[in-house]
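Read through the structure below, which is laid out as structure tokens, and then see the notes.
All figures in this text were calculated on a predicted structure; none of them were measured in a lab.
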Amino acid sequence: MRAMELDSIECVSYSDGADDDDDAVVAAAQLPRPFLKSASTAGAAAATVSVVVASDRGGGAGAGGAAAGPLISPATGVHELLECPVCTNSMYPPIHQCQNGHTICSTCKTRVHNRCPTCRQELGDIRCLALEKVAESLELPCRYYSLGCPEVFPYYSKLKHESQCNFRPYNCPYAGSECSVVGDIPFLVAHLRDDHKVDMHSGCTFNHRYVKSNPREVENATWMLTVFHCFGQYFCLHFEAFQLGMAPVYMAFLRFMGDENEARNYSYSLEVGANGRKMIWEGTPRSIRDSHRKVRDSHDGLIIQRNMALFFSGGDRKELKLRVTGRIWKEQQNPDSGACIPNLFS
């Protein structure tokens, strides 16, 4: 690998005889090792980045009598220098440092109450401009490279990509609890089935009956999640009760277990009714990239007011007996106009 072309920068960490080295042990790096730009892309005067760790423990004396430790490879050493000693995440400008040269990210600077976690000195407002300059010359693979993302980005562009990367894991779509599990779609399907005991169905049509003896208990009540497998994909059907302003309502909506671009290839309908009346909703399923709360609060689904739901239930209207039917279909791409037409024969 050719040496990175930059102004000559020497990053040196000094030991003052305290227990700095023991306190500053950093966890294993979470991100893949960086690439250094080649000479043709760095665009600066020819020079070499030297990453040297000076220590008073062991090692022979170098030039000028300083005790120099082993020379660290640029890729490994720079990556470790860019790792915050508190949160172990990669640091982005502004990168702060104390008077002894120990660095910390801007988020953790507030968390440690402006005290260096390594030497306990006051941090102040000193920027490590040299380290910020070094970071500009790095290129790193996406943190989701192990999940299939092949992209490599300049250091400062990496975070923006990762927040939108199509290979990033999905959050668990279960709405009945604050589940923190993340993973790919096959993993989440197994998780929903085994851990949340969600009902699994195959097919593109559904006919569900929701019964509740006390329909007046509607505040923030998540009732049911059902997963359907059709067209080789997985869909989540939600049905729940909540307060819409002052009005108690019931809502049903569908989410697609995949990205938004894929979700646009499908449509669904929901129907509820009785006594010669019916309500019908048609729409495009939302991706599970959108949280359950976001979809619910956008009212993107079939919403039934409680008095109407009790009317559909029949009887003395003291018990909810609501039947919701629906189907999922795949849109076909029209090769001439680029428009989607329903695939009604699947």
Side-chain angles (χ1 to χ4, degrees), residues 27 30-31 87-89 142-149 158-204 206 208 210 212 217-244 249-268 270 281 283-303 324 326 328 330:
Q30 295 179 335
L31 300 178
C87 64
T88 70
N89 293 326
C142 172
R143 68 182 298 181
Y144 304 120
Y145 76 105
S146 62
L147 300 179
C149 183
K158 184 169 166 289
L159 277 183
K160 181 178 180 180
H161 161 78
E162 289 173 351
S163 67
Q164 304 169 347
C165 179
N166 289 336
F167 291 91
R168 70 189 189 277
Y170 296 88
N171 295 320
C172 173
Y174 190 75
S177 62
E178 296 296 330
C179 183
S180 60
V181 171
V182 298
D184 58 16
I185 299 303
F187 174 83
L188 289 181
V189 170
H191 166 67
L192 289 170
R193 181 191 64 233
D194 300 335
D195 299 329
H196 293 299
K197 310 304 180 184
V198 170
D199 289 336
M200 301 283 172
H201 296 274
S202 296
C204 299
F206 45 88
H208 283 312
Y210 300 98
K212 188 171 178 63
E217 296 177 359
V218 300
E219 293 186 7
N220 301 321
T222 301
W223 284 15
M224 185 171 290
L225 169 64
T226 307
V227 173
F228 292 90
H229 182 231
C230 62
F231 301 109
Q233 307 288 346
Y234 290 92
F235 300 83
C236 295
L237 177 64
H238 297 267
F239 184 83
E240 65 179 81
F242 64 99
Q243 293 284 144
L244 182 57
V249 299
Y250 305 99
M251 183 174 178
F253 58 90
L254 195 72
R255 287 200 292 167
F256 174 74
M257 295 189 71
D259 283 320
E260 182 180 354
N261 290 337
E262 296 178 88
R264 295 194 186 104
N265 295 325
Y266 302 91
S267 296
Y268 74 102
L270 296 172
W281 165 270
T284 300
R286 296 280 285 271
S287 166
I288 60 171
R289 294 286 190 205
D290 292 334
S291 69
H292 162 268
R293 181 176 295 275
K294 181 178 180 179
V295 179
R296 190 194 73 179
D297 292 348
S298 66
H299 308 156
D300 192 359
L302 176 65
I303 297 179
V324 177
I328 305 167
K330 187 175 183 178

Under the rule for side-chain hydrogen bond (donor to acceptor under 3.5 Å, both in side chains), what residues qualify as partners of [X], not counting sequence neighbours?
X	value
Asn261	Arg264
Tyr266	none
Ser287	none

Could you walk me through whether His201 and Val227 pass the side chain to side chain contact (heavy atoms under 4.5 Å, CB included) test, one step at a time?
CA-CA 6 Å; His201 296 274; Val227 173; over 6 Å; no
Considering non-hydrogen atoms only, spot the tightest contact between [X] and [Y] and give its length.
X	Y	result
Asp300	Met251	N-CE, 3.6 Å
Pro169	Tyr144	CD-CE2, 3.4 Å
Leu244	His299	CD1-NE2, 3.1 Å
Arg255	Pro173	NH2-O, 2.7 Å
Cys142	Cys149	CB-SG, 3.6 Å
Cys230	Cys204	CB-SG, 2.8 Å

Nearest 0.5 Å please: distance from the [atom1] atom of [X] over to the [atom2] atom of [Y].
X	Y	atom1	atom2	value
Asn166	Asp259	CG	CG	4.5 Å
Phe242	Arg293	CZ	CZ	10.0 Å
Trp281	Tyr268	CH2	OH	6.0 Å
Leu225	Cys172	CG	SG	8.5 Å
Ser163	Lys158	OG	NZ	11.5 Å
Leu254	Leu270	CG	CG	7.0 Å

Taking it one step at a time, do Arg168 and Glu162 satisfy salt bridge (Lys or Arg N to Asp or Glu O under 4.0 Å)?
CA-CA 7 Å; Arg168 70 189 189 277; Glu162 289 173 351; over 6 Å; no
Parallel, tilted or perpendicular for Tyr250 and Phe239, by the 30°/60° rule?
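Ring orientation, 0 to 90° scale: parallel.
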For the residue pair His292 and His238, does the interplanar ring angle fall in the parallel (under 30°), tilted (30 to 60°) or perpendicular (over 60°) class?
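Taking His238 first and then His292, their aromatic rings sit tilted (interplane angle of 30° to 60°).
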Applying side-chain contact (heavy atoms from CB on, under 4.5 Å), name anything that partners His229, two or more places apart in sequence or on another chain.
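Once residues adjacent in sequence are excluded, the partners of His229 under the side-chain contact (heavy atoms from CB on, under 4.5 Å) criterion are Ser202, Tyr234.
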Which residues share a side-chain contact (heavy atoms from CB on, under 4.5 Å) with Asp290, sequence neighbours left out:
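With neighbours one apart ignored, the set is Arg286, Lys294, Val295.
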Is any side-chain heavy atom of Ile328 less than 4.5 Å from a side-chain heavy atom of Ser267?
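Of all side-chain heavy-atom pairs linking Ser267 with Ile328, none is under 4.5 Å.
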Test item: Glu240 and Arg296 side chains (from C-beta on) under 4.5 Å apart, heavy atoms
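Yes, at least one pair of side-chain atoms sits under 4.5 Å.
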The test is side chain to side chain contact (heavy atoms under 4.5 Å, CB included); show your working for Leu237 and Phe228 and say whether it passes.
CA-CA 8 Å; Leu237 177 64; Phe228 292 90; 3.7 Å; yes
Donor-acceptor pairs under 3.5 angstrom involving side-chain atoms of residues 184-193: please list them, not counting sequence neighbours.
| from | atom 1 | to | atom 2 | distance (Å) |
| --- | --- | --- | --- | --- |
| Asp184 | OD1 | Phe187 | N | 3.0 |
| His191 | ND1 | Asp195 | OD2 | 2.7 |
| His191 | NE2 | His196 | NE2 | 3.1 |

So, are Glu260 and Arg289 salt-bridged, with charged N and O less than 4.0 Å apart?
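Answer for the salt bridge query: no.
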Aromatic ring proximity Phe235/Phe256, centre distance under 6.0 Å:
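Yes, ring centres under 6.0 Å apart.
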